[in-house]
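Report on one structure; see the data block that follows.
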Amino acid sequence: FARGLGARLRVPLLPPALFSETQARALVAASSRHLDRVLELAQAHGVPALEAGEVGGGELRIEADGFTLRAEVVDLQRIWATALPAALAI
């Protein structure tokens with residue numbers, strides 16, 4: 001968020017699963033030159049991993065099971081920064 005970078009991701013999940021708390025998931029950003037090594041390390045440690053997309057631009061775009069979710073990063077930053085104060089009415 002701090003740098004205002006977006007991303008384009010393609011994931012083999014139904015959109016509701018993107019927001020599920022039933023399993024731990026992590027998104028790791030790495031240079032494309034290190035991709036093979038990151039995937040090798042994940043496999044060596046029994047961690048499922050895949051190349052999901054690339055970082056860049058001002059939009060977050062997620063393609064999941066034929067659906068596309070997208071939002072401008074500046075809008076997401078604003079929502080994130082104001083959500084807790086709004087929920088707590090402060």
Side-chain angles (χ1 to χ4, degrees):
F1 258 5
R3 294 188 179 173
L5 292 174
R8 177 175 293 178
L9 306 171
R10 291 167 300 282
V11 293
L13 298 169
L14 292 171
L18 296 171
F19 305 99
S20 172
E21 295 182 13
T22 58
Q23 298 177 3
R25 294 185 179 95
L27 182 63
V28 176
S31 166
S32 58
R33 69 177 186 220
H34 297 300
L35 175 62
D36 290 339
R37 182 67 179 138
V38 170
L39 294 175
E40 288 169 9
L41 285 168
Q43 184 177 17
H45 292 280
V47 176
L50 57 86
E51 179 182 6
E54 55 277 336
V55 173
E59 177 183 68
L60 174 62
R61 180 183 180 105
I62 303 170
E63 298 171 10
D65 195 46
F67 295 91
T68 300
L69 306 169
R70 63 178 157 202
E72 294 295 320
V73 173
V74 295
D75 294 333
L76 296 172
Q77 287 172 317
R78 180 184 41 78
I79 292 166
W80 176 82
T82 61
L84 190 57
L88 298 175
I90 55 174

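Position 1 is the first residue of the sequence, and the numbers go up from there. Not measured: the values here are computed from a predicted model.
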Next on the checklist: Using 0.5 Å steps for rounding, measure from the CG atom of D36 to the CG atom of L41.
Outcome noted: 11.0 Å
Item to check | Minimum side-chain heavy-atom gap R10-E54 below 4.5 Å | outcome: yes
Checklist entry - Of all heavy-atom pairs between V11 and A52, which one has the smallest distance, and what is that distance? => result CG1-CB, 4.2 Å
Checklist entry - Taking all non-hydrogen atoms of both residues, which atom of A29 and which atom of V55 are closest, and how far apart? => result CB-CG2, 4.4 Å
Checklist entry - Closest approach of E51 and L39, non-hydrogen atoms and distance? => result N-CD2, 4.4 Å
Next on the checklist: Are L27 and I62 linked, directly or through intermediate hydrophobic residues, by side-chain heavy-atom contacts shorter than 4.5 Å (ILVMFWY only)?
Outcome noted: yes
Next on the checklist: Using a 6.0 Å cut-off, check whether atom CZ of R61 has over 12 heavy atoms from anything other than its own residue.
Outcome noted: yes
Next on the checklist: Test of understanding: clusters of I, L, V, M, F, W, Y form through side-chain heavy atoms closer than 4.5 Å, transitively. Do L13 and F67 belong to the same one?
Outcome noted: no
Next on the checklist: Is there a path of hydrophobic side-chain contacts, each under 4.5 Å between heavy atoms, that joins L76 and L69?
Outcome noted: yes
Next on the checklist: Looking at every non-hydrogen atom in both residues, tell me the closest pair between V73 and G6 and how far apart they are.
Outcome noted: CG2-CA, 3.5 Å
Item to check | Within-4.5 Å side-chain heavy-atom neighbours: V74 and R78 | outcome: no
